[in-house]
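Please read the structure below before turning to the comments.
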Number of protein chains: 2
Amino acid sequence: MTVPPQADPDDGAVRSRTIPEASVARLALYLRVLGELAEQGAETVSSEELAGVTGVNPAKLRKDLSYIGSYGIRGVGYEVSSLLHQLERVLGLNHRQAVALVGVGNLGHALAGYTGFGGRGFPVTALFDVDPDLVGIHINGILVEHVDAIPSVCAARGVTIGMIATPGPAAQGVCDLLVESGVRCILNFAPVVLQVPDEVEVRKVDLAVELQVLAFHVARRHVAEHPQAVAGGNGHGRNGHGSAVRTFPLVDGASASEGRA
Amino acid sequence: MTVPPQADPDDGAVRSRTIPEASVARLALYLRVLGELAEQGAETVSSEELAGVTGVNPAKLRKDLSYIGSYGIRGVGYEVSSLLHQLERVLGLNHRQAVALVGVGNLGHALAGYTGFGGRGFPVTALFDVDPDLVGIHINGILVEHVDAIPSVCAARGVTIGMIATPGPAAQGVCDLLVESGVRCILNFAPVVLQVPDEVEVRKVDLAVELQVLAFHVARRHVAEHPQAVAGGNGHGRNGHGSAVRTFPLVDGASASEGRA
DNA sequence: AAGTGTGAAGTGCTTCACAGCA
DNA sequence: TGCTGTGAAGCACTTCACACTT
């Protein structure tokens, strides 16, 4: 098809396509790197350059970008500022997203003060906790309010994204409050699986799981350095990014017969 | 094949299989939930029960577990304590993993105090920073040392996992130091793509990307509620977990002709 | 000549459905 | 009978290769 690149009505004739979820996450990555390139004064980038910096396969990058339209110039590359603009639009960053953070304990406090958010279009707009010692204080100029106030405050401030950084046992209750308040997208740091209605999108950041996956790899490497009865063979390569889907030999202390079954 | 379940020599006759990376992450999740079930006194669980709590498809769960061996009992389910033990072994949690954390600023300070780590076999063993105001202080009883000391300290304490929570520009340098010190698994919170040798495993937790993906969904939902010229149709469902691979209609303000090309 | 956009092939994860064991 | 373990089918993402544009 190859549609002529055209100015975007921003919210005018809304059309719809389809983007693989995996691509959406990478688009966000491209956006950040493009921002850095723009600051350095770059005017265009090729898929190969951008792929190099982001650790993504160039073909995959081009395909990702093709999902949002044809904004590249053949023989040249992509115009940085233009692509930046398109990515921001697709990722919904032209509307400011008000973020509410529930749980300002250890981790939550750090998140509340994390400048990487507000600086990039995600102002933390409301803070909540149940601890009487925390309710009433200010963090980064934001008042910490009681969890009971979630419905009213979220509605009043138009919160669109909720972050949960409470202890595990409190998370589901908080989640229910957020959903009840109309929040449809939630970032969950608590170590529990939240139950939510279909229309609510939950993303989870699970530090314990991350470490355990790494521990698995430590064990795997340990075997790789002491190849005893190891069989499996995936001599891949790449430099730690790429996120090519892989499988890993498992250090197994039991069971037998390896072939399929 | 169906191998008779047998006691594990723990490190004896080491064998190797293959586990999809996606499964490894879920195994860690099962492990945590099983721990909770064990505390509640449960002796067995069926794949359906465990699947319900973890938000995973029962068949997928069984397949995940089958990768580590046949530890279930047909007609009954899985013995909680036994399965727990197997998961810990596979995930390398029977050897304690010493963790080093670099960057004890905003986020790093919270991570250093995060009890979810040490409690589950990941004692934070070393802290590093470059800020003279931080070097020398203690956090949770751990001395913050200068980044220059990474090689010696990591070697001395047998650090196997490194966490990077520095500002973006410092991350690559810190990463190089860790790798040089023999650390082969890194959890990166800095908003940069680390360049590492093939043998180093990097996992990235990117808060900005998480929020941007959610922002994308906010925009998507906005359209769903105002179905104007929307075309795409994925009337899926599920409750926010499941992690079934999906695609999403894109709110597009430009370009035309939708069919392929 | 250079680099994008993309059909088609490749690969791996997910889900189904059922044989088989307790 | 109930539930696990798994072959096979389904599906989505990744990668290749090249037509096409500038």
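The model shown is predicted, which means the values in this text are computed figures rather than measured ones. Chain naming here is simple, since letters A, B, ... match the order of the sequence lines and numbering starts at 1 in each.
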key: Side chains of A:L211 and A:L207 in contact at under 4.5 Å (non-hydrogen atoms)   = no
Rounded interatomic separation in angstrom, taking CD from A:E48 and P from D:dC16 = 13 Å
request  = Would you check if A:D206 and B:R32 make a side-chain contact, meaning some heavy-atom pair closer than 4.5 Å?
outcome  = yes
task = In whole angstrom, give the distance that lies between atom CD of A:E49 and atom P of C:dG3.
result = 8 Å
ask   = Between atom CD1 in A:I19 and atom P in D:dA12, what is the gap in whole Å?
value = 15 Å
note = Considering only heavy side-chain atoms of B:S66, the closest of D:dT6, D:dT22, D:dA17 is D:dT6
request  = Using only heavy-atom distances, decide whether a donor-acceptor pair under 3.5 angstrom links the side-chain of A:R74 to the base of C:dT4.
outcome  = yes
task = In whole angstrom, give the distance that lies between atom CG of A:L83 and atom P of C:dG3.
result = 16 Å
Given D:dT14, D:dA17, C:dT15, the nucleotide with the shortest approach to the side chain of B:K60 = C:dT15
ask   = What nucleotide among C:dT14, D:dT22, D:dT4 has an atom nearest to a side-chain atom of A:I73?
value = D:dT22
task = Could you tell me whether B:R62 and B:E48 have a side-chain N and a carboxylate O separated by less than 4.0 Å?
result = no
inquiry  = Please check this pair: side chain of A:N57 against backbone of A:L61, looking for a donor-acceptor N/O pair closer than 3.5 Å.
reply    = no
For atom CG of A:L65 and atom P of D:dC13, their distance in whole Å = 16 Å
ask   = Got a donor-acceptor contact below 3.5 angstrom from the B:T54 side chain to the B:L50 backbone?
value = yes
Proximal nucleotide (of D:dC16, C:dA22, C:dT14) relative to the A:N57 side chain = D:dC16
message = Need to verify one output field. Residue with the more 5' nearest nucleotide on DNA chain D, A:V76 or A:R62?
response = A:R62
task = Measure the distance from OH on A:Y71 to C1' on C:dT4 and round it to the nearest whole Å.
result = 15 Å
Distance in angstrom units between B:R26 CZ and C:dG12 C1', rounded = 12 Å
query = Between B:S47 and D:dT4, is there a side-chain N or O to OP1/OP2 distance below 4.0 Å?
reply = yes
note = Comparing nearest nucleotides in DNA chain C, the 5'-proximal residue of the pair A:K63, A:Y78 is A:Y78
ask   = Expressed in angstrom and rounded to an integer, what is the separation of B:L61 atom CG from C:dC13 atom P?
value = 16 Å
